[in-house]
J.: 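There's a structure below that I have some questions on.
Quick note: residue numbers are just sequence positions, from 1.
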Amino acid sequence: SPQARLVLPAIQHTAMARAAVTTAVAWDGDPSYGAISRPIGGGVAFRAVAEAPLEALFGERNDTICGALRARKVRLVKDLVYVPAWELRDWLLLPEVEAEALLAAAWAACAARPSTAWDLSTQFAARASASRNAPAPLPSLRESFGGGGLAGSFVEVAGPPGVGKTQFCLHAASLAAAQGGEVFWIDTERTFAPQRLLELLESICGNGCTDMHDDSQEPALEALARIRRRFCASLSDLHSIVAELAQRAIRREVLPSLIIIDSVASVARLDGGESRRDAIPKRQALLNTIASLLKGLVSSPIAPSRSPDSRENDQRPAVLVTNQVSGDLVNGGHKVTLGNVWHHAVNWRLVLSHDHGGSSALHGPLMVNPQRLCRLLLVEKSPCTGPLLIRFSVSAMGLQEEEERNQPK
């Protein structure tokens, strides 16, 4: 009868919806359901789950339910959490209790799971020993990073011109590539130097020996091929590149182990042909968005795995950016540029300066030592160590730490 033709699809639709509730609730406890699973205690992939399609929550067997929700403009898992229970009840012809259970499963999928200090410590140790971890260039700096490398850190290297910011980046890129990691260099000042990278890689692959045979140069050339460079001419270009990397993280594609931006201040300074009053708010808004995307990248896996116990889920990319400082030339005070929001976004800040024989000034005439030009690295901001002052120099083998090392007063 005509009435039966109307009732029967509604009954079938309700049965599918109830099956979807069972699947969604089971998926939250069993990673075999859905397209995305998360490591227990990590909570690191909740952002990717929220951006996932509905099939990640309901499974491929509930195409009818997913189609019904998409018809209501609910396309992603994160869209579902904003739907009231009574409205979902009417859409899917479900009892309100089951609609609430469905929404609870969506909330559980999107929310970051709490972690204990032990979980975080275990994950940090796994990242430190990961083969694709990006080591810090100086031994004392590696020690301040917990004995590991830069993985999972948003690091800013600031200082005046010619102090060694780009050399720091080149050395970090060489170390990461020599360990098998992919490096993505965003070049805003045309400072990318393949010849210098090859020189550093030959030294690293030859264990510090610069007099190498041809057969020893092969691993250096292979490592050089793992470093990719992309030129960036404006702040909007930088935003597009970083947003593209963020989309790769959301799609759970492979990420570089080290992302270098040299330098962010350059494009921030060059942007804008309009009045200062209009340009500054737009610049700050773009910088805030870029900082937020970069913070998201360092919490994303380099090579995501479907298995929650896989060590690949513990490997995080590192983000290394260079910045400039402005300061009082007389009193030696300094201030890192780009404003307060950027200042709070980075979780590591390393300030480089010339060694002026006891002066803390960042500018002024450099005291030339015939043997070696010494510089200072101040760990100004860190989530896991106090302020630390490291004396170093730049040589053909990269950054070399001097013997003196002390805590700043």
Side-chain angles (χ1 to χ4, degrees), residues 2-3 5-38 43-113 236 239-253 255 282 285-286 288-290 292-293 295-297 299-301 304 306:
Q3 184 177 6
R5 285 197 298 271
L6 292 175
V7 172
L8 184 58
I11 293 174
Q12 293 173 339
H13 186 76
T14 303
M16 291 178 182
R18 286 177 175 166
V21 173
T22 304
T23 300
V25 174
W27 175 87
D28 186 54
D30 183 356
S32 63
Y33 286 88
I36 296 176
S37 58
R38 295 177 297 174
V44 295
F46 73 95
R47 190 172 180 181
V49 176
E51 298 285 347
L54 294 171
E55 286 78 7
L57 185 63
F58 299 128
E60 301 290 343
R61 296 167 293 180
N62 295 290
D63 292 339
T64 304
I65 301 304
C66 296
L69 291 173
R70 276 194 289 267
R72 303 281 184 170
K73 298 184 179 180
V74 178
R75 298 181 177 87
L76 305 176
V77 175
K78 69 177 183 180
D79 299 332
L80 185 59
V81 300
Y82 296 105
V83 179
W86 60 267
E87 196 167 7
L88 189 63
R89 173 201 64 192
D90 295 342
W91 289 354
L92 301 181
L93 302 176
L94 284 172
E96 189 161 345
V97 174
E98 295 186 12
E100 290 174 350
L102 193 62
L103 291 174
W107 275 106
C110 293
R113 298 186 181 183
S236 56
H239 175 264
S240 299
I241 295 170
V242 175
E244 182 182 336
L245 289 170
Q247 285 299 315
R248 289 183 62 88
I250 290 172
R251 295 192 298 266
R252 299 181 67 78
E253 298 176 2
L255 296 173
K282 290 181 180 179
L286 269 180
N288 298 348
T289 304
I290 291 169
S292 176
L293 292 172
K295 286 183 75 71
L297 280 172
S299 64
S300 304
R306 297 284 180 90

J.: Any idea which heavy atoms bring V77 and A106 closest together, and the distance?
T.: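 Looks like CG1-O, 4.3 Å.
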J.: Quick check for you: to the nearest 0.5 Å, what is the distance between L94 atom CG and I65 atom CD1?
T.: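 L94 atom CG to I65 atom CD1 measures 7.5 Å (nearest 0.5 Å).
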J.: Do D79 and K73 make a side-chain contact, defined as non-hydrogen atoms from C-beta onward lying under 4.5 Å apart?
T.: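 No, too far: nothing below the 4.5 Å cut-off.
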J.: When rounded to the nearest 0.5 angstrom, what distance separates CD in E98 from CG in L93?
T.: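 The distance works out to 11.5 Å.
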J.: Only counting residues at least two apart or in another chain, list the ones meeting salt bridge (charged side-chain N to carboxylate O under 4.0 Å, His left out) with R70.
T.: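 Checked R70 against salt bridge (charged side-chain N to carboxylate O under 4.0 Å, His left out); matches are E55.
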J.: Minimum heavy-atom separation for P84 and L103, please, with both atom names.
T.: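 Smallest heavy-atom distance, with atoms named: C-CD1, 4.0 Å.
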J.: Name each donor-acceptor pair under 3.5 Å that joins a side chain in residues 239-247 to protein atoms two or more places apart or in another chain, with its distance.
T.:
from	atom 1	to	atom 2	distance (Å)
S240	OG	S236	O	3.1
E244	OE1	R230	NH1	3.4

J.: Any non-hydrogen side-chain atom of V74 less than 4.5 Å from a side-chain atom of L88?
T.: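 No, too far: nothing below the 4.5 Å cut-off.
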J.: If I compare all heavy atoms of V83 with all of W91, which pair ends up nearest, and what's the gap?
T.: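 Shortest heavy-atom separation between V83 and W91 comes out as CG1-CZ3, 3.8 Å.
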J.: Which heavy atom of L92 sits nearest to which heavy atom of A68, and what is that distance?
T.: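 Distance-wise, the nearest heavy atoms are CD2-CB, 4.4 Å.
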J.: Please report the shortest heavy-atom distance between R89 and A99, naming the atom on each side.
T.: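 For R89 versus A99, the nearest heavy atoms are N-CB, 3.9 Å.
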